[in-house]
Number of protein chains: 2
Amino acid sequence: MTTTKKAPKYQKIKQYVLQGIASHNFIDGVPSENQLAEKFAVSRMTARRALDDLEREGSVERIPGKGTFVRRSGHYTQGFFRVRPFRKWAEDLGADLRTEVLESRVVDPPEEIAETLRYSGQMIRLCIINYLNDMPVRYAVRYLRADQCADILWENLAENSIHDILINKYRLPLTRISQCMTAVGLPENLSDLFGEKPGYPVFYFQRTVYSCESPVTYVEYFMRGDMAFKDTFTPMLEAGDFHPETS
Amino acid sequence: MTTTKKAPKYQKIKQYVLQGIASHNFIDGVPSENQLAEKFAVSRMTARRALDDLEREGSVERIPGKGTFVRRSGHYTQGFFRVRPFRKWAEDLGADLRTEVLESRVVDPPEEIAETLRYSGQMIRLCIINYLNDMPVRYAVRYLRADQCADILWENLAENSIHDILINKYRLPLTRISQCMTAVGLPENLSDLFGEKPGYPVFYFQRTVYSCESPVTYVEYFMRGDMAFKDTFTPMLEAGDFHPETS
DNA sequence: CAGTGGTCTAGACCACGTC
DNA sequence: ACGTGGTCTAGACCACTGC
């Protein structure tokens with residue numbers, strides 16, 4: 001259900017290139033359009049279509065006359081933000097909020113997640129999608145330590161807040177939240193879920209939640225780019241923040 | 001210098017469609033790929049390329065078997081954020097900040113701007129681009145009331161903060177800032193400026209700055225999507241904000 | 001010079017929605 | 001049955017880069 005029904009040829013090419021990037025091949029350049037076309041026995045336009053997508057999704061960079069290259073990110077940081085709890089937000093809007101649990105199981109965590117949560121044992125992985133008035137607006141992948149809250153697998157996560165459960169059932173006071181937001185193109189594998197093309201602009205969040213300085217859960221999610229963040233405030237001279245002395 | 005050097009045919013088609021959208025034609029559907037191909041005497045693939053771009057940039061929506069339609073935005077709001085002053089941000093990074101003024105002149109404001117600033121006289125329009133370590137990261141268009149600060153045209157805006165000037169020279173205390181952020185695809189006309197393809201994910205900000213409840217300046221800007229917003233905070237039960245009771 | 005990506009053509013078949 | 005968008009082909013010319 002996640003992939004397109006007819007499996008276009010350019011999808012296979014995209015997969016091939018993405019895997020190659022992940023395996024750190026292609027460090028001095030992705031195969032050229034002609035090479036890909038030959039390798040997959042397709043026309044150059046089709047190979048090109050695959051690279052077009054990858055470029056729009058930010059995976060590769062093309063330089064005319066030279067070739068196609070893996071893109072590096074280069075993160076700066078630029079400000080801060082707060083995110084309102086999803087349920088509260090929907091309430092205020094008077095909008096209909098629906099939550100679906102797409103996956104809920106025990107996994108061996110990827111290395112970065114193990115590092116982030118400082119725990120290398122098994123984890124619970126939850127994939128959740130939120131709809132607002134039947135429009136998919138947020139897709140979240142969450143990791144929790146299996147030793148801390150294995151029973152969460154049996155909770156009704158579509159109806160109850162995960163934070164509620166962590167606090168009230170597992171007695172984990174949530175004391176700190178650390179998060180990062182960027183704007184990215186919608187990844188290919190979420191295209192169907194959101195009903196948008198790969199590359200559609202979305203917010204990408206990465207959040208770690210701590211209980212008493214110990215990381216409890218990591219969640220990353222993609223949210224439609226047209227979900228607006230709004231703010232009105234008074235620019236007082238507070239803590240090196242937005243204030244009149246500077247631009 | 002802003003447009004591509006060879007002026008591809010699909011650009012003209014994009015322009016045509018965008019103008020049609022702005023003129024509120026196409027309310028019941030953009031011309032089909034075949035119609036556009038015939039009208040512009042190009043192959044269908046070329047007309048299609050134009051619509052591909054417009055779709056990725058969020059202007060139109062395609063429905064297989066039905067047609068291509070103008071996209072409506074449908075803004076919700078989702079949280080809030082703060083943006084650090086650009087100069088301060090660059091300082092902290094130890095990065096090299098460069099500012100270029102691309103345009104600086106007196107104009108008759110578009111209607112929305114006149115409404116936002118509650119002033120229908122002439123305005124000063126500033127187009128500014130910021131580079132961080134020689135990478136273009138932010139493009140801003142700013143409007144100011146010509147009757148309030150016409151002389152700002154003669155200031156060295158590349159070196160001095162506009163807010164500084166407003167406060168210190170024009171004695172306009174900035175008392176309130178109201179802003180909105182979404183994620184959008186990079187508009188076509190900024191593609192060259194940023195060195196990214198149209199559709200590249202960027203943050204889009206709209207901000208109105210007030211002095212004593214009177215709007216003083218409106219600025220909108222596009223910022224690279226890989227400029228991260230980061231935040232670490234304690235989720236206390238404050239003013240309906242992020243707190244443990246909810247998701 | 002050969003190779004790259006950027007654009008373009010004039011066809012084609014398919015799945016889907018409307019009538 | 002017809003029009004729509006989605007995919008695909010096998011060519012083509014161009015501008016640019018590197019050698």
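Source: prediction; values computed, not measured. Residue numbers begin at 1 in each chain, while the letters A, B, ... track the order of the sequences.
Residue A:Asp52 contributes atom CG, which lies 12 Å from atom P of D:dT7 at whole-angstrom precision. Between the P atom of D:dG5 and the CZ atom of B:Arg62 lies a distance of 7 Å, rounded to the nearest Å. One atom, CG of B:Asp192, and another, P of C:dG6, lie 13 Å apart when rounded to the nearest Å. In this structure, the CZ atom of A:Arg48 is 18 Å from the C1' atom of D:dG6, given to the nearest Å. Distance, A:Leu54 CG to C:dG5 P: 13 Å, rounded to whole Å. D:dG5 atom P lies 7 Å from atom CG of B:Leu51, rounded to whole Å. Note: CE (B:Met45) to P (D:dA10) measures 14 Å, nearest angstrom. As rounded to whole Å, 17 Å separates atom P of D:dT7 from atom CZ of A:Phe40.
Partners of B:Glu155 by side chain to side chain contact (heavy atoms under 4.5 Å, CB included), not counting sequence neighbours, listed by chain and number: B:Ile152, B:Leu157, B:Ile165, B:Lys169. Judged as a salt bridge (charged side-chain N to carboxylate O under 4.0 Å, His left out), and not counting sequence neighbours, the contacts of B:Lys14 are B:Asp53, B:Glu57, B:Glu188. B:Pro110 meets the side chain to side chain contact (heavy atoms under 4.5 Å, CB included) test with B:Glu112, B:Ile113, B:Tyr143; sequence neighbours excluded. Remark: B:Phe69 pairs with B:Ile63, B:Lys66 by the side chain to side chain contact (heavy atoms under 4.5 Å, CB included) rule, at least two apart or across chains.
Between A:Gly65 and A:Ala41, it is A:Ala41 whose nearest contact on DNA chain D lies nearer the 5' terminus. Both A:Ala47 and A:Pro64 sit near DNA chain D, but only A:Ala47 has its closest nucleotide nearer the 5' end.
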Could you pull out every donor-acceptor pair under 3.5 Å between side chains of residues 27-37 of chain A and any protein atom, sequence neighbours left out?
residue	atom	partner	partner atom	Å
A:Ser32	OG	A:Asn34	N	3.4
A:Ser32	OG	A:Gln35	N	3.2
A:Glu33	OE1	A:Arg44	NE	2.8
A:Glu33	OE1	A:Arg44	NH2	2.9
A:Glu33	OE2	A:Arg48	NH1	2.6
A:Glu33	OE2	A:Arg62	NH2	2.8
A:Gln35	OE1	A:Ser32	N	2.9

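For the pair B:Lys66 and C:dT18, the criterion of a side-chain N or O lying under 4.0 Å from OP1 or OP2 is met. Side-chain N/O atoms of B:Arg44 include none lying less than 4.0 angstrom from OP1 or OP2 on C:dG11. Side-chain nitrogen and oxygen atoms of B:Lys197 include at least one within less than 4.0 Å of the OP1 or OP2 phosphate oxygen of C:dG6. For the OP1/OP2 pair of C:dT9 and a distance below 4.0 Å, the side-chain nitrogens and oxygens of B:Thr46 include at least one atom meeting the criterion. Look at A:Arg49 and you won't find any side-chain N or O under 4.0 angstrom from OP1 or OP2 of D:dC8. OP1 and OP2 of D:dC8 both lie 4.0 Å or more from every side-chain N or O belonging to A:Tyr10. Using a 4.0 Å cut-off, no side-chain N or O of B:Thr68 falls inside it from OP1 or OP2 of D:dT4.
Using cut-offs of 30° and 60° on the angle between ring planes, the pair A:Phe205 and A:Tyr221 is parallel.
A heavy atom closer than 4.0 Å to some atom of DNA chain C occurs in no member of residues 28-38 of chain B.
With rounding to the nearest 0.5 Å, the separation of CE in B:Met227 from CG in B:Leu132 is 6.5 Å.
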